[in-house]
Amino acid sequence: MNAADLKRLNPPDRPGVYLMRDDRPRIIYVGKALSLRKRLASYFRANGPEDPKTQALVARIDSLEFIVTNSELDALILESTLIKKHRPRYNVFMRDDKSYPYLKLTVQETYPRLVSTRKPFVDEARYFGPFLAGSLKETTRTLSRHFRLCQVKQVIDPNRRTRKNCLYYQMGQCDGACLGQVSAEAYARKVRALLDFLEGGPDEVSPHVEERMRQAAGEQQFEEAAGLRDQLGVLQSLRHQTVVSSTERNDYDLIGLARSGASAGVQILHIRQGKLEGRRQFHLQAAGVHALTEILAQTLTQYYSQPVTIPPVIMVPQKPEDEKVILAWLATQRKGRVALRLPRTREARQLMKMAETNAWLNLKQSISEAADELSEEDAKILKDLAARLGLSGPPRRVEGYDISNLSGQDAVGSRVVFTQGQPDQAQYRRYRIQSVTGPNDFAMLQEVLFRRLKRLKDEPQDTPDLIVVDGGAGQLSAVRLVL
């Protein structure tokens, strides 16, 4: 694979994860990037990568794919999940790698407590996370104090009071649930308020912490102020959960659709134990005359008729045509019940958005590649044009320019573009003349061409093979000076 292949893939300037494969094709490297376009371009620079390991990696790349995520945090978590699953040859893989911390609310207890843990999903508690940085333990204490929850390590048994004293209660940091000072009903209301906060409800905690931070800074207690600043960062991450690692330990597939004209793109995300572990993507042809419900029905029947694992739940953007029949067929294929569900939780909706974004990018790439395939008639026309004009080959990109003005006033230049013999209206442009006064078509044409051609330094892929200008020998000579 080389720079030209990467240019055809046209990775977006967005965060995500990329997977590099060799010719077998095995995944040999998984990486993350804040900008997929810039990061992947760095592998295929003209002078090549500097370190020997990356040189060896690039030499073995036969193909690559990428998954766009909603944030750099999502990319990091997804990268970690895929490395653990595939163990690529060129990735560093630690067998005893540290897991990410979670917040754990012990809702299965009569008096729930909020704690931090690195071993989630071991009981029926509610988990929030994972999180990457910051003092999660200190944030746990802050939330517990704010919502007046018990902070002792032991499970509180309402029928058996073994504690006589509580330091947290004496310092006014809780309401003394472990001492029997608060009823289970009143305590449950505090827990509900905390859950509302963790699930994205009103934020009454951050302003309180921010005020404490400003007060500490004003008193020149800078270490305390820095710690409170870090807490604010963790509180923000609490309220913007990642979407590539769910706190629910469910297995399901999620199907995202994108549509453009007669074509449609499909992205199927595989969620296993709450983590995004893989995806499949497809380009559907001749989809233009069908409704989305029919396209979704065809996607379900065609994909799950293959030898693939059918999970108990499939998340879809809308219910397919003939839903009952498809459910019965899926149950037969899986030899167990299958449910089709719409995304209702915030995590599910964010995952659906991510799937649809990737489906659209893949569809856009497929359409672009199809546009580069000439029909037999267009190829003949372009070949004949090249012969008549003495060109070295058929012109892939043709640009035409003209100037329009009323006695030198309201002057504009126009550009039309043909790509592979077809009008490319998305590339049409209008230029408002800026530097020429009076009726001077030659100078106006020179300004337009100069402004257009100087952009080729940043956009070399748009270099025209043929430029056509309206006019005669004077206009031609003026443009040649610009060239």
Looking at residues at least two apart in the chain, or sitting in another chain, which of them share a side-chain contact (heavy atoms from CB on, under 4.5 Å) with Phe450?
Lys454, Val482
Side chain to side chain, Asn362 and Asn358, heavy atoms closer than 4.5 Å:
no
Candidate pair Arg141 and Leu143, rule side-chain contact (heavy atoms from CB on, under 4.5 Å), full reasoning
CA-CA 6 Å; Arg141 286 193 286 266; Leu143 291 173; over 6 Å; no
Is it the case that Glu447 and Ser435 place a side-chain donor and acceptor less than 3.5 Å from each other?
yes
Under 3.5 Å: donor-acceptor pair, side chain of Thr69, backbone of Ser71
yes
Distance (rounded to the nearest 0.5 Å) between Ile28 CD1 and Leu19 CG:
11.0 Å
Mind listing the closest non-hydrogen atom pair of Tyr187 and Ala177 along with its distance?
CE1-CB, 3.7 Å
With Arg39, which residues qualify under salt bridge (charged side-chain N to carboxylate O under 4.0 Å, His left out), at least two apart?
none
For Tyr428, which residues count as a ring-ring contact (aromatic ring centres under 6.0 Å, His included) partner, sequence neighbours excluded?
none
For Val155, give me all partners under side-chain contact (heavy atoms from CB on, under 4.5 Å), at least two apart in sequence or on another chain.
Glu109, Arg113
For Tyr168 and Gly176, indicate whether the former's side chain and the latter's backbone hold a donor-acceptor pair under 3.5 Å.
no
Output all residues satisfying salt bridge (charged side-chain N to carboxylate O under 4.0 Å, His left out) with Arg145, sequence neighbours left out; order by chain, then residue number.
none
Residues pairing under salt bridge (charged side-chain N to carboxylate O under 4.0 Å, His left out) where one sits in residues 209-220, two or more places apart or in two chains, turn out to be Glu210-Arg214
Neighbour count >12 (heavy atoms, 6.0 Å) for atom CD, Glu223
no
Between atom CD of Gln333 and atom OG1 of Thr309, what is the distance when rounded to the nearest 0.5 Å?
12.5 Å
Rounded to the nearest 0.5 angstrom, the CD1-CG distance for Ile314 and Leu254 is 10.5 Å
For Asp13, all residues meeting side-chain contact (heavy atoms from CB on, under 4.5 Å), sequence neighbours excluded
Ser35, Arg37, Lys38
Counting C-beta onward and ignoring hydrogens, is there a side-chain heavy-atom pair between Lys319 and Thr293 closer than 4.5 Å?
no
Taking atom types as modelled and ignoring hydrogens, do the side chains of Tyr304 and Asp253 form a donor-acceptor contact shorter than 3.5 angstrom?
yes
Backbone N/O of Ile310 and side chain of Arg334: donor-acceptor pair under 3.5 Å:
yes
With the side chain counted from C-beta on, respond yes when Arg126 and Gln108 share a heavy-atom pair under 4.5 Å apart, and no when they do not.
no
Within the distance-only criterion (no hydrogens, no angle test), does the side chain of Asn10 pair as donor or acceptor with the backbone N or O of Leu6 below 3.5 angstrom?
no
Quick one: side-chain contact (heavy atoms from CB on, under 4.5 Å) partners of Ala348, sequence neighbours excluded?
Met315, Pro343, Thr345
Run the salt bridge (charged side-chain N to carboxylate O under 4.0 Å, His left out) test against Asp424 and tell me which residues pass, sequence neighbours left out.
none
Once ring-ring contact (aromatic ring centres under 6.0 Å, His included) is applied, do any residues pair with Phe147, and if so which ones, sequence neighbours excluded?
none
Looking only at non-hydrogen atoms, find the nearest pair between Ala75 and Val17 and report the distance.
O-CG2, 3.3 Å
Shortest non-hydrogen pair, Leu36 vs Gly16, comes out as CD2-C, 3.8 Å
For the student: nearest non-hydrogen atoms of Pro320 and Leu300, plus distance:
CG-CD1, 3.8 Å
Side chains of Thr357 and Trp360, heavy atoms from C-beta outward: is any pair under 4.5 Å?
no
Is there side-chain contact between Val316 and Leu342, with heavy atoms separated by less than 4.5 Å?
yes
side-chain contact (heavy atoms from CB on, under 4.5 Å) between Leu351 and Ile271, intermediate numbers included:
CA-CA 10 Å; Leu351 276 171; Ile271 314 298; 4.2 Å; yes
Would you sort out whether Val448 and Ile433 count as a side-chain contact (heavy atoms from CB on, under 4.5 Å), showing the intermediate values?
CA-CA 7 Å; Val448 170; Ile433 303 301; 3.7 Å; yes
Between Leu103 and Thr140, is there a side-chain heavy-atom distance shorter than 4.5 Å?
yes
Among all residues two or more places apart in sequence or in another chain, which pass the ring-ring contact (aromatic ring centres under 6.0 Å, His included) test with Tyr431?
none
Is the side chain of Arg60 donor-acceptor paired with the backbone N or O of Ala56 at a distance under 3.5 Å, no angle test?
yes
Report yes if some heavy atom in the side chain of Leu57 is under 4.5 Å from a heavy atom in the side chain of Met20; otherwise report no.
yes
Run the side-chain contact (heavy atoms from CB on, under 4.5 Å) check on Leu296 and Ile255 step by step: do they pass?
CA-CA 9 Å; Leu296 185 56; Ile255 300 178; 4.0 Å; yes
Closest heavy-atom contact between Val68 and Pro12?
CG2-CG, 3.7 Å
CZ/Arg341: more than 12 non-hydrogen atoms of other groups inside 6.0 Å:
no
Atom pair CZ/CD of Arg349 and Glu347 - distance to nearest 0.5 Å:
10.5 Å
Where does the angle between the aromatic ring planes of Tyr18 and Tyr29 fall among parallel (under 30°), tilted (30 to 60°) and perpendicular (over 60°)?
tilted
With Asp175, which residues qualify under salt bridge (charged side-chain N to carboxylate O under 4.0 Å, His left out), at least two apart?
Arg148, Lys190
How many angstroms lie between CG in Leu453 and CZ in Arg451, if you round to the nearest 0.5 Å?
12.0 Å
OH on Tyr111 to CG on Leu149, rounded to 0.5 Å:
12.5 Å
Would a 4.5 Å heavy-atom cut-off, applied to side chains only, mark Ile83 and Lys85 as touching?
no
Between Ser144 and Gln151, what is the shortest heavy-atom contact and its length?
CB-CG, 3.7 Å
